[in-house]
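A short worksheet on the structure shown next.
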Amino acid sequence: MEMGNCSEPTEFILLGLSSNPSVQTLLFCLFLTIYVSSLVANGLLIMAVKRDGHLHSSMYFFLANLSIMDICYTSVIVPKALVNFLGGKKSISYNGCVLQIFFYLFLGESECILLAFMAYDRYIAICSPLSYSTVLSTAVCARMISASWVAGCLISALDVGFIYRLTFCGPNTIDHFFCEVPSLIQLACTDVTINVILMFAGGAILLLLPLLLILFSYVQIFIAAKRISCGRYKAFSTCTAHLIVVVLFYGTATFMYMRPRHSAQQTDKIVSVFYTVVTPMLNPLIYSLRNREVHGALRGLRRSSASPCHR
């Protein structure tokens with residue numbers, strides 16, 4: 001293909017979820033409500049873990065970091081989407097688009113690894129409770145958390161490096177409400193084979209391998225719980241929330257990144273809304289719904305904030 005007359009775009013146009021002004025207003029209200037709810041729910045959970053001594057364990061340490069990731073993750077996507085819902089020109093600069101890709105991949109990939117570590121935490125807590133505090137000490141948990149952040153950052157930087165090598169010289173319209181990799185590389189007028197291979201390889205490493213670790217952990221948990229007649233219900237109840245979050249996150253992410261690109265674009269956008277906007281709001285609700293310790297910590301926060309003598 002002749003590339004001599006190509007010029008790199010300075011911006012991309014995001015088509016969003018609908019071109020109907022009434023629908024866009026409705027979407028603005030819906031996204032804003034979910035976003036604020038996500039910030040409040042995750043923020044309260046972080047504060048509860050920080051202030052309540054009963055929650056100073058590895059499980060809640062991981063959970064607080066998951067909330068931090070969810071706040072950052074949804075904040076990379078939603079504020080720009082809100083501006084575009086009501087704005088006349090629904091654009092994003094080229095560098096802004098690449099930065100958005102970097103941060104949402106960075107945070108999403110870090111969360112994949114973190115969810116696997118959380119499954120390992122439940123495995124040790126139920127299968128080897130006497131060695132739990134030794135195996136998952138504060139120092140070990142800190143290293144695991146750091147590893148998830150660093151690994152996500154490095155892999156995302158690699159992904160973005162290969163995006164920068166692409167040339168865009170045709171339409172600059174992205175049929176999505178944010179800069180997602182599959183939608184962006186469709187606009188490239190150079191060979192995207194390496195990018196597609198990297199996307200599938202990254203999906204295999206960051207989705208399938210952690211998922212195998214999670215499945216192994218829960219098989220062992222199930223076997224161990226069957227031997228615990230008096231504590232079986234409690235053992236399973238501590239894992240139910242994590243399993244729900246894993247299914248929601250891994251299910252939608254696998255649909256987007258581990259399949260041939262032949263489905264309807266509108267379907268892709270709906271799935272993207274679920275794992276970028278809805279799931280970060282649901283995670284703290286799922287984890288705290290049946291957790292008495294979290295309920296107690298949240299009540300303590302409410303009492304301390306209502307107290308006139310609280311400093």
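Counting from 1, the numbers follow the sequence of the chain as shown.
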Any side-chain to backbone donor/acceptor pair from Ser38 onto Ile34? Under 3.5 Å, distance only.
no

What's the verdict on side-chain contact (heavy atoms from CB on, under 4.5 Å) for His176 and Gln186, showing C-alpha distance, side-chain angles and the deciding distance?
CA-CA 12 Å; His176 218 298; Gln186 291 178 6; over 6 Å; no

Steps toward side chain to side chain donor-acceptor pair (under 3.5 Å) verdict (Ser272, Asp268)
CA-CA 6 Å; Ser272 296; Asp268 286 359; over 6 Å; no

Shortest non-hydrogen contact between Pro129 and Ile126, atoms and distance:
CD-O, 3.7 Å

Look at the side chain of Lys80 and the backbone N and O of Ser91, then say whether any donor-acceptor pair between them is shorter than 3.5 Å.
yes

If you take the centroid of each ring, where Trp contributes its six-membered ring, are Phe103 and Tyr73 closer together than 6.0 Å?
no

Which donor-acceptor pairs under 3.5 Å do side chains of residues 149-157 form with protein atoms, sequence neighbours excluded?
| unit_1 | atom_1 | unit_2 | atom_2 | d |
| --- | --- | --- | --- | --- |
| Ser156 | OG | Phe102 | O | 2.6 |
| Ser156 | OG | Phe106 | N | 3.4 |

Quick one, Val273 and Phe31 - any side-chain contact, counting heavy atoms below 4.5 Å?
yes

Any idea which heavy atoms bring Leu285 and Met281 closest together, and the distance?
CG-O, 3.5 Å

Compare every heavy atom of Leu187 with every heavy atom of Asn172, then report the nearest pair and how far apart it is.
C-CD1, 4.2 Å

Are the side chain of His56 and the backbone N or O of Lys50 linked by a donor-acceptor pair below 3.5 Å?
yes

Are the side chains of Thr138 and Cys141 in touch, meaning some heavy atoms are under 4.5 Å apart?
no

Without hydrogens or angle criteria, can the side chains of Asp70 and Thr74 be said to hold a donor-acceptor pair below 3.5 Å?
no

Asn42 versus Leu66: any side-chain heavy-atom pair under 4.5 Å?
no

Are Phe168 and Phe12 close enough, and set up right, to give a ring-ring contact (aromatic ring centres under 6.0 Å, His included), and what steps lead you there?
CA-CA 10 Å; Phe168 300 92; Phe12 292 103; 5.6 Å; yes

Donor-acceptor pair, distance only, cut-off 3.5 Å: does the side chain of Ser137 make one with the backbone of Ser133?
no

Stepwise side-chain contact (heavy atoms from CB on, under 4.5 Å) test for Cys189 and Leu166
CA-CA 8 Å; Cys189 51; Leu166 297 177; over 6 Å; no

Between Ser110 and Ser148 the two heavy atoms that sit nearest each other are OG-O, 3.1 Å

Does the side chain of Thr193 come under 3.5 Å of the side chain of Asp191 through a donor N or O and an acceptor N or O?
yes

Under the criterion side-chain contact (heavy atoms from CB on, under 4.5 Å), I'd like the reasoning laid out for Tyr120 against Leu136: C-alpha separation, chi angles, the key distance, then a yes or no.
CA-CA 10 Å; Tyr120 178 71; Leu136 286 171; 4.2 Å; yes

So which atom in Ile71 and which in Gly43 form the shortest heavy-atom distance, rounded to 0.1 Å?
CD1-N, 4.0 Å

Report yes if some heavy atom in the side chain of Glu111 is under 4.5 Å from a heavy atom in the side chain of Phe249; otherwise report no.
yes

Tested for side chain to side chain contact (heavy atoms under 4.5 Å, CB included) against Val181, the lone hit among Val196, Leu105, Asp159 is Leu105

Test log, rule side-chain contact (heavy atoms from CB on, under 4.5 Å), inputs Phe274 and Ile270:
CA-CA 7 Å; Phe274 201 84; Ile270 293 172; over 6 Å; no

Heavy-atom side-chain contact between Arg165 and Asn195 under 4.5 Å
yes

Do the ring centers of Tyr218 and His242 come within less than 6.0 Å of each other?
yes

Is any side-chain heavy atom of Tyr250 less than 4.5 Å from a side-chain heavy atom of Ile214?
yes

Correct closest heavy-atom pair for Leu55 and Tyr60 would be O-CB, 3.0 Å

In the structure I gave you, are the side-chain heavy atoms of Cys179 and Ile92 within less than 4.5 Å of one another anywhere?
yes

Could you pull out all residues at least two apart from Asp121 that satisfy side chain to side chain donor-acceptor pair (under 3.5 Å)?
Ser58, Tyr132

Hydrophobic cluster identity match, Val83 and Leu27, side-chain contacts under 4.5 Å:
no

Are Leu82 and Val78 close enough that some pair of their side-chain heavy atoms sits under 4.5 Å apart?
yes

Would you sort out whether Tyr35 and Ser75 count as a side chain to side chain donor-acceptor pair (under 3.5 Å), showing the intermediate values?
CA-CA 8 Å; Tyr35 180 57; Ser75 295; 2.9 Å; yes

